[in-house]
Visitor: 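Attaching a single structure in structure tokens format; questions to follow.
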Amino acid sequence: MARSASLSGYLELLPAERLVELHVLDTLREVFERHGFASIESRAVETMDTLLGKGEVDKEVYAVSRIHDDADSAAEAKLALHFDLTVPFARYVTENAGHLAFPFRRYQIQKVWRGERPQAGRFREFTQADIDIVGDGTLPFRADTELAVVMARALAALDIGQFQLRVNNRKLSQGFYTALGLNDPAAVLRIVDKLDKIGPARVQAELAETCGADEHQAQKALALAQIRTADVSFAEQVRDLLPPGAANELLEEGLREMTEVIATLQERVPGQAVADLSIARGLDYYTGTVYETVLFGHENLGSICSGGRYDSLATHGKRTFPGVGLSIGVTRLISALLAADELTASRSVPTAVYVTLREDTDWSTAQDVADQLRARGISAEVAFSAEKFGKQIKYADRRGIPYVWFTDAEGHHEVKDIRSGDQVPADPAVWTPPAEDLTPRVLRPGRDL
RNA sequence: GUGGGCGUAGCUCAGCUGGUAGAGCAUCGCGUUGUGGUCGCGAGGGUCGCGGGUUCGAGCCCCGUCGCUCACCCCA
């Protein structure tokens with residue numbers, strides 16, 4: 001973060017920073033739409049019933065009520081702010097199923113709220129950018145594969161440096177632990193998920209304490225979690241860990257699915273994804289593929305993009321809508337990149353041309369000049385008063401406005417490039433700045449400069 | 001929710017064993033009487049987070065409180 005917030009966990013950006021955020025959002029939107037995802041927006045508020053029992057701890061949910069909570073409103077459904085976009089989307093799908101065409105692919109970029117203790121990269125109000133594909137009754141496994149490809153391309157389009165999508169499959173992990181004789185696969189997953197953070201020794205110790213794993217089981221569980229391959233060779237490694245005949249149907253299905261995902265990612269977005277069998281994800285509605293993403297150089301941030309397959313999050317009577325989704329933590333991402341000065345904007349305002357005033361009475365004709373520029377898509381701003389030219393130039397300079405416009409008493413126009421100091425005659429009807437100066441650009445110091 | 005660290009100018013910080021608030025950067029003005037950036041000179045800007053206590057006297061000591069921050073939990 002550039003500044004410490006006056007209220008922790010609620011990030012507010014300066015104009016130049018917001019420009020960077022808008023660039024990120026625009027880029028994501030463009031890539032999502034290019035891959036056929038339609039946009040929706042769901043309301044910020046859901047009923048408690050919808051939100052709770054869907055995998056989130058209730059202490060993190062912000063309740064919403066009227067200050068004057070009288071008898072009437074007490075009888076109303078209790079409301080709360082959504083903590084992610086997946087649960088509201090599931091509700092949206094079941095409510096609007098009759099109007100949607102399945103498989104339905106949508107993207108959704110909105111604020112969400114979590115009442116957590118804020119930390120670097122952790123906010124109470126933040127923006128998520130989600131893509132999901134949902135089927136009616138069934139959803140081809142290929143959706144899991146395509147979704148990861150789209151997200152990898154979106155992250156690549158942001159041009160924020162090297163990242164790595166890490167993929168696992170809960171069927172694989174759970175099948176494996178069951179085959180080992182561990183009776184609480186979910187608990188094992190939770191501990192194994194911390195491998196990156198606490199290291200192999202402590203994972204093994206916790207497995208023994210919490211899951212009653214004996215030394216052999218703990219060793220095998222740990223060995224599985226340490227498998228990390230860029231190709232499909234993980235499957236062989238998994239089989240080598242078990243005695244012949246110990247495999248089960250769930251494990252085999254998980255291996256098949258993982259192999260398909262990794263093979264496709266290796267082919268379509270080479271070098272940007274790996275199989276990582278330690279990935280588990282906290283939310284318990286995931287049933288198959290799970291994804292996390294690390295941004296190299298920002299490993300301590302945690303995952304910047306996560307998600308997975310959910311087979312029964314959305315149900316409506318006898319119908320179920322299996323889906324698969326991925327979510328980018330936009331706020332987390334840009335706060336880290338801004339703080340590290342890895343992304344900055346070329347100026348703090350959209351203005352490309354600052355039109356000066358020679359006399360206070362020139363304001364109207366100066367607006368005519370500005371309008372001629374604006375009509376051709378050039379952002380222009382007119383001075384309020386005819387201060388000394390030095391001050392007017394300084395006004396533009398402080399905002400990073402690249403061009404200053406002058407009109408003399410005879411009506412001759414000149415435009416000055418504030419960076420070089422070059423000043424040349426110009427015609428407001430035809431003069432155009434170079435494309436790179438037309439709108440603010442996002443710069444990557446250290447790479448662009 | 002649990003545990004550590006920290007709150008002084010717009011920003012980064014200094015302030016001794018308690019004696020009545022300072023620097024750099026930024027801002028504004030002038031030098032430079034209508035073309036900025038450099039340089040020089042000058043100016044403005046503070047309820048020292050808030051409340052209480054001890055004291056002749058508190059930025060400093062004590063208590064409380066609010067906020068920020070880091071770690072745990074969990075997660076984007």
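Quick caveat, the model's predicted, so the values are computed rather than measured. All values below come from the heavy atoms of this structure, side chains included, with hydrogens, waters and symmetry mates left out. Per chain, numbering begins at 1; letters A, B, ... match sequence-line order.
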Visitor: Now, which nucleotide makes the Watson-Crick or G-U wobble pair with rC75(B), with each of the two distances under 3.5 Å?
Guide: none

Visitor: What I'd like to find out is whether the side chain of Phe406(A) reaches to under 4.5 Å of the side chain of Val355(A), using heavy atoms alone.
Guide: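 No, their side chains stay 4.5 Å or more apart.
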
Visitor: Could you check which nucleotide pairs with rG18(B) in any of the strands shown, counting Watson-Crick or G-U wobble with both distances under 3.5 Å?
Guide: none

Visitor: Across the strands shown, which category fits Arg419(A) at heavy-atom distances under 4.0 angstrom: base, sugar-phosphate, nothing?
Guide: base

Visitor: With a 3.5 Å cut-off and heavy atoms only, can you find an N or O donor on one side and an acceptor on the other between the side chain of Glu116(A) and the base of rA76(B)?
Guide: yes

Visitor: Roughly how many Å is it from OH in Tyr107(A) to C1' in rA76(B), rounded to a whole number?
Guide: 19 Å

Visitor: Taking only the side-chain heavy atoms of Glu359(A) (C-beta and beyond), determine which of rC70(B), rG34(B), rG37(B) contains the nearest atom.
Guide: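 Shortest atom-to-atom distance from the side chain points to rG34(B).
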
Visitor: Nearest to the side chain of Arg114(A), which nucleotide is it out of rC74(B), rU35(B), rA76(B)?
Guide: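 Ranking rC74(B), rU35(B), rA76(B) by closest atom to the Arg114(A) side chain puts rA76(B) first.
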
Visitor: If you only use heavy atoms from C-beta on, which nucleotide in rU33(B), rG3(B), rG29(B) is closest to the side chain of Arg117(A)?
Guide: rG3(B)

Visitor: Could you tell me the separation between the CD atom of Gln423(A) and the C1' atom of rG36(B), rounded to a whole number of Å?
Guide: 12 Å

Visitor: Rounded to whole Å, please give me the gap between CZ in Phe126(A) and C1' in rC74(B).
Guide: 12 Å

Visitor: Just the rounded figure in Å: distance from P of rU32(B) to NZ of Lys394(A).
Guide: 16 Å

Visitor: Suppose we define a pair by two distances each less than 3.5 Å, Watson-Crick or G-U wobble; what does rU32(B) pair with here?
Guide: none

Visitor: Specify the separation, in whole Å, of atom CD of Glu206(A) and atom P of rC72(B).
Guide: 12 Å

Visitor: Take atom CD1 of Ile393(A) and atom C1' of rG36(B), then tell me their distance rounded to the nearest Å.
Guide: 5 Å

Visitor: Just how far, in rounded Å, is C1' of rG36(B) from NZ of Lys416(A)?
Guide: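 The distance from NZ of Lys416(A) to C1' of rG36(B) comes to 8 Å, rounded to the nearest Å.
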
Visitor: What is the nucleic acid contact for Ile304(A), judged by heavy atoms within less than 4.0 Å: base, sugar-phosphate only, or nothing?
Guide: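 Since only primed, P, OP1 and OP2 atoms lie under 4.0 Å of Ile304(A), the category is sugar-phosphate.
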
Visitor: Determine the contact category for Gly390(A): base if any of its heavy atoms lies under 4.0 Å from a base atom, sugar-phosphate if only primed atoms, P, OP1 or OP2 are that close, otherwise nothing.
Guide: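 Here Gly390(A) touches the backbone only, sparing every base.
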
Visitor: Can you tell me the base-pairing partner of rG64(B)? Count Watson-Crick or G-U wobble geometry only, both distances below 3.5 Å, and say none if there is no partner.
Guide: rC50(B)

Visitor: Name the closest nucleotide to the Ser8(A) side chain, picking from rC74(B), rU69(B), rC75(B).
Guide: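 So the side chain of Ser8(A) is nearest to rU69(B).
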
Visitor: rG29(B), OP1 or OP2 - any side-chain N/O from Lys391(A) closer than 4.0 Å?
Guide: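 Checking rG29(B) against Lys391(A), a side-chain N or O does come within under 4.0 Å of OP1 or OP2.
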
Visitor: Counting the atoms with a prime plus P, OP1 and OP2 as sugar-phosphate, which does Leu357(A) contact under 4.0 Å by heavy atoms, base, sugar-phosphate, or nothing?
Guide: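 Counting heavy atoms under 4.0 Å across all strands, the contact made by Leu357(A) includes a base.
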
